[in-house]
Amino acid sequence: MTPDARRRSRVPLRLRRRPVPWERQRPTWREARPAVIDGALKRALARPAGNWFVLGAARGIGARRAFGRTVAGVEVVAWRAADGRLVAGPGACPHLGAPLALGAVHCGTLRCRWHGLALDGAPFAGWEPYPAYDDGVLAWVRLDGVGGEAPLPRPMVPQRPALPGAVTAVHTAVGECEPEDVVANRLDPWHGAWFHPYSFVDLRVVGAPSESGAEPDEFVVEVSFKVAGRAVVPVTAHFTAPGPRTVVMRIANGEGRGSVVETHATPLGPDDRGRPRTAVIEAVVATSDRRGFALARAAAPLLRPLVRAASGRLWRDDLAYAERRRQLRSGGRQPG
């Protein structure tokens, strides 16, 4: 290997030799066929989830405070038992309906602030826990009355890099749309360099599902992540939808090979004007075989806010896409 080749292998950055201005990049609308996107979406929506929904970041549910979220109109409270186990159940106190998410947690016991009713996670006074699962990155709850499917004993967590050697971060955003609108956004990789030019350039979709849904049911994308100026990091990423509310992007080649970005869409229920609301809970699990990545793991507490900020910027745009799709769909005006 030549010295230049060795240097290129050590440094993930590349310089774009002939940057193309945004307005002069190759249009992708002919390739982004509505039938392909809709077909991938329909197949995703038909896959089972076992009635499991993502509540939020596992790290965000600690031993001192309760966590509350409404999932498809069902009020849920979650906290940590004395042994650190994740506990979840109805969010209304069985006594007079007080919001348990505002209760106090002490030594694994949740106490209602209205009258002190105590819950340790076991059934009590008509309160019954929901099945809950902590996968090390995300917290899940199983709501059989909402999902309407055959229940599974645990959620189908996407394959990830080994967590001890990875940097993880979770970002949550809320939009006026339904989970299928979020999934449809992620199953349209062609919009990346047009809609997010601050993050993606030189994007090419080199593999897409057939309209018939023959395997492999995935999108393969060659894209460069912008760093600064003409400096970019080129990768090849695969997009799959293993369930009705989840899309996974996995880096197959390039810097961070094996890293995943999981996008989970959790329905919240309608707002006060009857519009549907969905939480987008995105988990980044980053890894690298470079020796310097050990420093990144050590600096994970400092990196997580930066990763969440980057996800937040992308989702400000992508939620606008999802909300627009919901508006068109609900009004019978969606093209395709």
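Note: hydrogens, waters and symmetry copies are ignored here, and every other heavy atom, side chains too, is used.
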- request: Verify the cluster assignment for F53 and L55: are they in a single hydrophobic cluster under the rule of side-chain heavy atoms below 4.5 Å apart?
  value: yes

query: Can D217 and R47 be counted as an ion pair, charged N to O under 4.0 angstrom?
result: yes

message: Around atom CZ of R275, are there more than 12 heavy atoms from other residues, nucleotides or ligands closer than 6.0 Å?
response: yes

- prompt: Do other residues, nucleotides or ligands put more than 12 heavy atoms under 6.0 Å from R65 CZ?
  reply: no

message: V221 and side-chain contact (heavy atoms from CB on, under 4.5 Å): which single residue from V206, T236, L203 fits?
response: L203

- prompt: In the single-linkage hydrophobic clustering (I, L, V, M, F, W, Y; side-chain heavy atoms under 4.5 Å), do V247 and V285 co-cluster?
  reply: no

Least distance between heavy atoms, A118 atom then T109 atom: CB-CG2, 3.7 Å

field: Hphob cluster co-occupancy, M249 + W315, side-chain heavy atoms under 4.5 angstrom
entry: no

I61 reachable from Y130 in the ILVMFWY side-chain graph, under 4.5 Å edges: yes

message: Under the criterion side chain to side chain contact (heavy atoms under 4.5 Å, CB included), I'd like the reasoning laid out for T266 against R245: C-alpha separation, chi angles, the key distance, then a yes or no.
response: CA-CA 7 Å; T266 297; R245 294 178 292 276; 5.9 Å; no

Please tabulate, one pair per line, all N/O donor-acceptor pairs under 3.5 Å involving side-chain atoms of residues 119-128, not counting sequence neighbours.
residue : atom : partner : partner atom : Å
D120    : OD1  : A122    : N            : 3.0
W127    : NE1  : P90     : O            : 2.9

- request: Heavy atoms only: give me the nearest R308-V170 pair and the separation to one decimal.
  value: CD-O, 2.9 Å

field: Donor-acceptor under 3.5 Å (T278 side chain, G175 main chain)
entry: no

- prompt: Should E178 and D181 be marked as a side chain to side chain contact (heavy atoms under 4.5 Å, CB included) after you check the CA-CA gap, both sets of side-chain angles, and the distance that decides it?
  reply: CA-CA 5 Å; E178 296 180 350; D181 302 305; 3.7 Å; yes

task: Assess the pair W194 and W22: is the distance between their ring centroids shorter than 6.0 Å?
output: yes

task: Measure across I37 and A184 and return the closest heavy-atom pair with its distance rounded to 0.1 Å.
output: CG2-O, 4.1 Å

query: Aromatic rings H191 and Y321: how do their planes relate, parallel, tilted or perpendicular, breaks at 30° and 60°?
result: tilted

- request: Go through the steps for V77 and L110 under the test side chain to side chain contact (heavy atoms under 4.5 Å, CB included), then give the verdict.
  value: CA-CA 10 Å; V77 65; L110 172 63; 4.1 Å; yes

message: Could you check whether R204 pairs with D202 (Lys NZ or Arg NE/NH1/NH2 to Asp/Glu carboxylate O, under 4.0 Å)?
response: no

task: Determine which pairs satisfy salt bridge (charged side-chain N to carboxylate O under 4.0 Å, His left out) with at least one residue from residues 81-99, sequence neighbours left out, and list them in order.
output: D83-R85

message: Surrounding CD of Q159 (heavy atoms of other residues, nucleotides or ligands, distance under 6.0 Å), is the total greater than 12?
response: no

query: Should V141 and M156 be counted in the same cluster of Ile, Leu, Val, Met, Phe, Trp and Tyr side chains packed under 4.5 Å apart?
result: no

task: Any chance you could measure R69, atom CZ, to E75, atom CD, to the nearest 0.5 Å?
output: 13.0 Å

- request: Please say whether the positively charged group of R186, taken as NZ for Lys or CZ for Arg, lies over the ring of F239, i.e. under 6.0 angstrom from the six-membered ring centre and within 45 degrees of the axis.
  value: no

